[in-house]
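Pasting a structure here, questions to come.
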Protein chains: 2
Amino acid sequence: MTKRKSAAISLPEVRNRLREAGLRCTPARVAAINCLFASPTPLSSGEIVEALEPAGFDKSTVYRTLSEFTECKIVFRLDLGDSMRHYELSDVGTHAHFKCRQCGEIQCLDDFSFEISPRKHKAVRLGSVNEVLLRGLCEACE
Amino acid sequence: MTKRKSAAISLPEVRNRLREAGLRCTPARVAAINCLFASPTPLSSGEIVEALEPAGFDKSTVYRTLSEFTECKIVFRLDLGDSMRHYELSDVGTHAHFKCRQCGEIQCLDDFSFEISPRKHKAVRLGSVNEVLLRGLCEACE
DNA sequence: ATCGCAAGTGCAACTGATTTGCAAATACCT
DNA sequence: AGGTATTTGCAAATCAGTTGCACTTGCGAT
């Protein structure tokens, strides 16, 4: 539930997560989970592909794996724009993200709270909001 | 400055906007502005391409036009994820957007206000935020 | 009004991210 | 260990968006 650095996750634990989600435990899936687990911020599909290809995993396998994970809710898929999808393990909990439109840096805003309130009452009706994304310039780029 | 339905914008007015931005007044640009003007919500590049191609405008021209408009700040480019860019005339003013991850519907949240506040004070440092995007399920899809 | 040329356009070919079809490989239940 | 439904790797396809280039056109100067 909390943010972790880069400690590895044990194979049996990964296996459990997969089996619980109804997925077979395969090397590609284990590698993908380890990859995501090791990163403090969401990774783009491209970054994950780059990380796993050297180990011999095909990019199509990686993309398929990420889709499966998303369906099974093992990971949460963020649409941060810029034609790229990002993924993070869903057990880190829901939080907003900030993306710098200049350098592309992504920050997880677990330390921020949001208040979203209708101003007039004509009330556009949103259903449920489960992703909050802020874009702008990070301190460095500003 | 306010939201409009689908009334057309006069040619001289479009011409003015373009000249003020330092752009020549060409049929493709006029068509693109009219297209954006007629829509109550941001349009994706694909939608604009589809709208203008039947009239004989090439998609590369449309993409180029949209980039120029973005540079000149005539339009604001939104990165709503889903591998697609959306555009709206910048004179509608800054406001947040909601996008349904199921049906893709986009809502402009000009009637909402946002409060974003650091919870702890360890303070992740954001620079300036100029786009707020919420994703989730709209009322219909929920 | 019309001329000249920089700016804008259409076309076709290219890129980069992602997807798909299919045959070979493999996880895992018995 | 064995059989089979699931996964995987590969190559080819797709899709949004971009680019190079020769042709056209808007518009300030004549």
Give a yes/no on whether any side-chain N or O of A:T61 is located under 4.0 angstrom from OP1 or OP2 of D:dG9.
yes
Determine: side-chain N/O of A:R24 to OP1/OP2 of D:dT4, distance under 4.0 Å, yes or no.
no
Given axes from five pairs at either end, by how many degrees does the helix from C:dA1-D:dT30 to C:dT30-D:dA1 bend, rounded to 10°?
40°
Classify A:T26 by what it touches in the nucleic acid, base, sugar-phosphate, or nothing, heavy-atom distance under 4.0 Å.
sugar-phosphate
What's the CG-C1' distance between A:L66 and C:dT19, to the nearest Å?
13 Å
When you check the gap from the basic side-chain N to the acidic O, do A:D79 and B:K99 get nearer than 4.0 Å?
no
Minimum-distance nucleotide to A:R29 side chain [options: D:dT8, C:dA12, C:dT20]
D:dT8
Determine whether any donor atom in the side chain of A:R64 lies under 3.5 Å from an acceptor atom in the base of D:dG9, or the reverse, and answer yes or no.
yes
Between B:V62 and A:R15, who's closer to the 5' end of DNA chain C by nearest nucleotide?
B:V62
Can you check the B:Y63 OH to C:dC14 P distance for me, whole Å?
19 Å
Test item: A:F98 and A:C138 side chains (from C-beta on) under 4.5 Å apart, heavy atoms:
yes
Hey, are the side chains of A:C108 and A:E88 touching, using non-hydrogen atoms and a 4.5 Å cut-off?
yes
Starting at atom CD1 of A:I48, determine the distance to atom P of C:dA17, rounded to an integer number of angstrom.
14 Å
Shortest non-hydrogen pair, A:V75 vs A:L66, comes out as CG2-O, 4.2 Å
Determine whether B:R29 and B:E68 satisfy the following criterion, salt bridge (Lys or Arg N to Asp or Glu O under 4.0 Å), listing intermediate values before the conclusion.
CA-CA 10 Å; B:R29 291 175 178 161; B:E68 289 153 1; 3.0 Å; yes
Any A:R135 side-chain heavy atom under 4.5 Å of B:L133 side chain:
no
5'-most contact on DNA chain D: A:E68 or A:K59, nearest heavy atom basis?
A:E68
What is the distance from CG of A:L23 to P of C:dT26, rounded to the nearest Å?
19 Å
Please report, rounded to the nearest Å, how far the C1' atom of D:dT18 is from the CZ atom of B:R85.
11 Å
So, taking the atom named SG in A:C25 and the one named CG in A:L11, what distance separates them when rounded to the nearest 0.5 Å?
5.5 Å
Expressed as a whole number of angstroms, how long is the span from A:F69:CZ to D:dT6:P?
17 Å
Ignoring hydrogens and angles, write down the donor-acceptor pairs under 3.5 Å from the side chains of residues 44-53 of chain A, residues two or more places apart or on other chains.
residue: A:S44; atom: OG; partner: A:E47; partner atom: N; Å: 3.1
residue: A:S44; atom: OG; partner: A:E47; partner atom: OE1; Å: 3.4
residue: A:S45; atom: OG; partner: A:R85; partner atom: O; Å: 3.3
residue: A:E47; atom: OE1; partner: A:S44; partner atom: N; Å: 2.8

How many whole angstroms separate atom CG of B:D58 from atom P of D:dT25?
15 Å
Residue closer to the 5' end of DNA chain D, B:C25 versus B:S67 (nearest nucleotide):
B:S67
Report yes if a side-chain nitrogen or oxygen of A:R19 is closer than 4.0 Å to either non-bridging phosphate oxygen (OP1 or OP2) of C:dA27; otherwise report no.
no
Between P on D:dT6 and CD on A:E71, what's the gap in Å once rounded to a whole number?
14 Å
Ignoring backbone atoms, test whether A:S45 places a side-chain nitrogen or oxygen under 4.0 Å from the OP1 or OP2 oxygen of C:dT18.
yes
